[in-house]
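Side chains included, hydrogens not; waters and symmetry mates left out as well; all remaining heavy atoms used. Start at 1 and go down the list; that is how both ligands and their atoms are numbered.
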Amino acid sequence: MDLFTPLKLGALDLRNRIVMAPMTRSRAAADGLPTAIMADYYRQRASAGMIVSEGIAPSADGLGYCRTPGIYNEKQIDAWRVITHAVHNEGGCMVAQIMHVGRVANALNKPAGSKTVAPSAIRARGEIYTDQRGMQPFDDPCTLALEDIARVIADYRQATENAFVAGFDGVELHCTSGYLPAQFLCSGTNKRSDDYGGSVANRARFVLEVLSAMASVDGAGRVGMRICPDNPFNDMHDDDPQQTFEYLLHEASVLDLAYLHAMRYPPGRVDNIELGRRYFADRVIGNESFTFDEAQRAVAAGELAGVSFGRNFIANPDLVERLQGGMALSTFDLATMYSPGAEGYSSYPRALA
Ligand SMILES: Cc1cc2nc3c(=O)[nH]c(=O)nc-3n(C[C@H](O)[C@H](O)[C@H](O)COP(=O)(O)O)c2cc1C
């Protein structure tokens, strides 16, 4: 068994175990609308066993970065359908990463009338890029009232339904990197005194209810979850990430999800892959700075079901073929990582014509 062996994860069929990691590339149009160059970009990378899309907002409130896509209205669904068709025409598999940024936002990057929300009204330290005024402070978030939480969970459910209508094979809950689910989980950002704050069970409630809502659409076999316990990105802190994630993963494992996508970062308090394997056994996709050889070894040893690659997919649309053929990898241009347009996005050539 190696990275090129097909894999079944729940209801998802992967033709190899090389997964394209989710990457926000800021090529969407105003109001979260996917664009034609996004179809080119994903089609070029369809030989991945599975593509995890860039983070996609389940609502206008869930948007926070400039030029990022949503999946909460008909126009967006139609535009995503063009992309999933392009990937399927190449024999690929694609899941939608559902990403609600919560407090990690600036109003300039959001549609008029939308709000920046969080479990508690604590502004993230730091700044976020806007096209209009460059770097800006994060918004002061509004606290989600209990009835608002129910609506946000319903938005995740609707976004899942929309993703299937748009032709995605599955959905992945973005539960890392300081966005809304992580804001509920972590003691530093969740100061609530109701059923969604305080104890570990209460802080994990939102994520578990969201996962159940997503699984209610077409079964848990089409739902994955991405974690990275103790990730300090976006001003996050949890007093005891080991305890928080042991509880979360234990409860989530009961749902029988398709897979767990675990980033092994930062090295330190929690061994994220070991923790993931304890609860998700042979359904863990590993990520973060894997070399090809290291990934091959982990899959051959049965430690990981598959490995996702992020940055290597940017400049190597044919990453799978290059790894299989022992070909050299190209390096990407940092300047065009988040810039608008095809340059440095869908412009990277294949190794072989
Ligand atoms: C440009 C860029 C955008 C990213 N956007 C997302 C995202 O939308 N969702 C997410 O979960 N991770 C995101 N990540 C993290 C990657 O999925 C991945 O974890 C990271 O690049 C480490 O994997 P690698 O060492 O193979 O590149 C992003 C990374 C990069 C480089």
Engineer: On the ring face of F290, is R264 found with NZ or CZ under 6.0 Å from the centre and within 45° of the axis?
Structural biologist: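 Yes, R264 sits over the ring of F290.
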
Engineer: Sequence neighbours left out, what pairs pass salt bridge (Lys or Arg N to Asp or Glu O under 4.0 Å) with at least one residue falling in residues 327-347?
Structural biologist: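 Passing the test, one end in residues 327-347: no pairs.
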
Engineer: Distance-only criterion, 3.5 Å: show the donor-acceptor pairs between side-chain atoms of residues 60-68 and protein atoms not counting sequence neighbours.
Structural biologist:
from, atom 1, to, atom 2, distance (Å)
D61, OD1, K115, N, 2.8
Y65, OH, Y179, OH, 2.6
R67, NE, D131, OD2, 2.8
R67, NH1, S26, O, 2.7
R67, NH1, Y338, O, 2.9
R67, NH2, D131, OD1, 2.9
T68, OG1, Y65, O, 3.0

Engineer: Anything under 3.5 Å between a donor and an acceptor, one on a side chain of residues 79-94, the other on a protein residue two or more places apart or in another chain? List them.
Structural biologist:
from, atom 1, to, atom 2, distance (Å)
W80, NE1, G70, O, 3.0
R81, NH1, D78, OD1, 2.9
T84, OG1, R81, O, 3.2
T84, OG1, A166, O, 2.6
H88, ND1, T84, O, 3.3
H88, NE2, D169, OD1, 3.3
H88, NE2, D169, OD2, 2.8
N89, ND2, H85, O, 3.4

Engineer: Sort out the contact shell of ligand 1: every protein residue with a heavy-atom distance below 4.0 Å, listed by chain and number.
Structural biologist: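 Within 4.0 Å of ligand 1, the protein residues are A21, P22, M23, T24, G55, Q97, H174, R226, M263, N287, E288, S289, F309, G310, R311, M337, Y338.
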
Engineer: What do you reckon, is OH of Y72 surrounded by more than 12 foreign heavy atoms closer than 6.0 Å?
Structural biologist: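 More than 12 heavy atoms, drawn from other residues, nucleotides or ligands, come within 6.0 Å of this atom.
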
Engineer: Do V95 and M50 have side-chain heavy atoms sitting under 4.5 Å apart?
Structural biologist: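 Contact flag for V95/M50 side chains = yes.
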
